[in-house]
Number of protein chains: 2
Amino acid sequence: MLSLHQLTCFLAAYEHRSLTRAAEELGYAQPSVSEQIRNLEKSLGVPLFRRVGRGVVPTTAADTFRPHAEKVLAAADDAQRAVTSIKSFETGTIRFGMFGVARLYGGAGLVADVLERYPGVRVELVGRHSRDVQEDLRRGRLEAAMIAVAGLASEGMAVTPIARDELVYISADPERLKAPVTAKRLADATLVMPESTYRDVDSARIVLRRMLHEAGLNPKTRIEVEDVETAVELVGRGLADSVTQKGVAVQLLPRLAPKAGWVPLRPRVYDTLAIVHRAGATLSPAARLMIELATQRIQAIIPPA
Amino acid sequence: MLSLHQLTCFLAAYEHRSLTRAAEELGYAQPSVSEQIRNLEKSLGVPLFRRVGRGVVPTTAADTFRPHAEKVLAAADDAQRAVTSIKSFETGTIRFGMFGVARLYGGAGLVADVLERYPGVRVELVGRHSRDVQEDLRRGRLEAAMIAVAGLASEGMAVTPIARDELVYISADPERLKAPVTAKRLADATLVMPESTYRDVDSARIVLRRMLHEAGLNPKTRIEVEDVETAVELVGRGLADSVTQKGVAVQLLPRLAPKAGWVPLRPRVYDTLAIVHRAGATLSPAARLMIELATQRIQAIIPPA
DNA sequence: CATATGCATAGGCATCACCTATGGATCAGA
DNA sequence: TCTGATCCATAGGTGATGCCTATGCATATG
């Protein structure tokens, strides 16, 4: 079986035309190098050196073999360097899970942060929705993620809360923003809600359902849309009201629904943003980097949990 | 320490996304592959797979590492193939020692034989004179050679006689070719001899000196030249006579000295052509090939020893 | 001819690669 | 929800391998 070590010994011996000299260079005893060369010759089936009393002389087979051996070692070096540069974020890909509305909390800025600090890296922010991200985490396709969690209990996962994002009521009707919105008023409102595909598993929905359920009420949503922007725009046109994360309201209302405003719920309810990864896993430097940066950004917008 | 074996295991595991499957493909037990991967990760300092309950999932580091690993193994394959093709004479260099006048015995045809049978090989016929060739053999720069030897004794060398090349007297004067030339007549003749640089070690000279010495005579050479062709031309012009190998006479006289002819010496003396290599050495296939072909060619011209 | 140099061999020790057996975690199906 | 199957990790044992020191043999050098 060919080995890199044999190639190293071969090249040293070839260059020095001496096993003893090669052994010195490599820091081994002479018989060790001798053995490596012998094994290499055996596995190749061709003598590489003629033992001529004092010193060794490469055969033409060795002449032919040498550039190939050098290429192999160079490739091996390359491979190691590639990984080393990953460790120091000089290159490689950083894949991090984030829920869909993460971009509203500065997802683009987060990516920019990473790219600026580490010009060589690729960044992937994956996961349209917390639900998908959780699935990816469970399957091991993702190492870590920042997602919204309704409850803190998640099977086999380590969940580290980062921030509490309050859910607020948004409306284009100033009348409805004069006082905090109770469960009863919420149940009576005409609501547009995003994440229609994930209506059953969306953490904001779960929190709201829980709130209404405690008041003995059933939620009924008038309009279901897929993305938050659309929901906010509909609110801006006065076609419906909605409930969304305060961070989202702050980010989107001025742009998409200038006439609309927001008011807290009563009682106040919160969505929890958390770092999630498999319980017991040792996080890679890349993951830790993303967690640190993402946490900073989030907490700059909404208060820590 | 990085090893090719680790890379093989890594690639198998990467492709199958399973250590068990990789082990099956490679014909090992599962823990063996597991250990190789673990060692590879340790030596790289980066985890390559996330162990996720059932199965393993490559990290982005593994994604980056994979093409490099493939390149290393491909280069290693190349290296081995290169040597294999040397063994079967598909490529590589065949270096063989031959004395200077070998070309007169079909040296060019010998090279042509090799090139025709093995289109990929390079051929080197080295050694201007037997003396140089012997030195190269002694130093290990040559594996084997066909040379002219005066005596059969050569320190530490295995000498296999191939052919006996008779030394003959050549002259442009028909009178001097009527009868075999004795030592006495030889001592009286005006002679031109080649190989002036090697006059002391040239085997033909040695044989002649021996012959004259036994007759109580001293050799005196009128003209010294370096190459055989010049000597033969001078004979052709009648300026001197010479002694040369019968094979040379047959090859060169018609071309360079049409009016000259040759006659045996009395007693007859012979130069010996022999295969020479270091005693106890195992000859490579390339060397054996050259020996076989060279022997055929020589024996087609002059009788076997 | 004596000495120095360089490779091969022998013998011993530590490490490594591989094996089997087993335990823990997860996934699929009853 | 429980059970069996699957898959990885760990443990412990065995043989091979790598490396060492000591030594012998051949060759080059003064």
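Please read all numbers here as calculations on a predicted model, not as lab measurements. Order of the sequence lines sets the chain letters (A, B, ...), proteins ahead of strands, with each chain counted from 1. Excluded from the calculations below are hydrogen atoms, water molecules and symmetry mates; all remaining heavy atoms, backbone and side chain alike, are included.
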Point to revise | B:A13 to B:F49 - nearest heavy-atom pair and separation | key: CB-CZ, 3.8 Å
Review point. Nearest-Å distance, NE2 (B:H16) to C1' (D:dT6)?
Key: 16 Å
Check your understanding: What distance separates A:D202 CG from A:L208 CG, expressed to the nearest 0.5 Å?
Key -> 9.0 Å
Check your understanding: Bend angle of the helix from C:dC1-D:dG30 to C:dA30-D:dT1 from five-pair axes at both ends, rounded to 10°?
Key -> 30°
Exercise for review: Using a strict 4.0 Å threshold on nitrogen-to-oxygen distance, state whether B:R66 and B:E70 make a salt bridge.
Suggested key: yes
Check your understanding: At under 4.0 Å, does any side-chain N or O of A:S18 touch on OP1 or OP2 of C:dC7?
Key -> yes
Practice item. Decide yes or no for A:V72 and A:H68: does some side-chain heavy atom of the first lie under 4.5 Å from some side-chain heavy atom of the second? Key: no
Check your understanding: Between D:dC7, C:dT9, D:dA9, which one does the side chain of B:R21 approach most closely?
Key -> D:dC7
Check your understanding: Do any N or O atoms from the side chain of A:T84 and from the backbone of A:Q80 form a donor-acceptor pair under 3.5 angstrom?
Key -> yes
Review point. Nearest-Å distance, CZ (A:F49) to C1' (C:dG6)?
Key: 14 Å
**Study point:** Summary of protein contacts for nucleotides 14-23 of chain C, nucleotide by nucleotide, where a base hit scores B, a sugar-phosphate-only hit scores S (4.0 Å, heavy atoms)
**Key:** ---SBBBB--
Practice item. For A:L19 and C:dT9, give me the distance from atom CG to atom P, rounded to whole Å. Key: 12 Å
Check your understanding: Backbone N or O of B:A12 within a donor-acceptor pair of the B:H16 side chain at under 3.5 Å?
Key -> yes
Review point. Could you go step by step and tell me if B:R21 and B:E25 meet the salt bridge (charged side-chain N to carboxylate O under 4.0 Å, His left out) rule?
Key: CA-CA 6 Å; B:R21 233 67 62 70; B:E25 182 197 309; over 6 Å; no
Point to revise | Rounded distance (Å) that lies between atom C1' of C:dC7 and atom CD of A:E24 | key: 14 Å
Practice item. Establish, with yes or no, whether the OP1 or OP2 oxygen of D:dT10 is under 4.0 angstrom from a side-chain nitrogen or oxygen of B:S34. Key: no
Check your understanding: Is any side-chain heavy atom of B:L2 less than 4.5 Å from a side-chain heavy atom of B:L40?
Key -> yes
Check your understanding: Under 3.5 Å, side chain of B:Q30 to main-chain N/O of B:A23, donor-acceptor pair present?
Key -> no
Practice item. May I ask you to evaluate whether A:R38 reaches the phosphate of C:dC7, defined as a side-chain N or O under 4.0 Å from OP1 or OP2? Key: no
Practice item. Compare side-chain N and O positions of B:R51 against OP1 and OP2 of D:dA9 and report whether any pair is under 4.0 Å apart. Key: yes
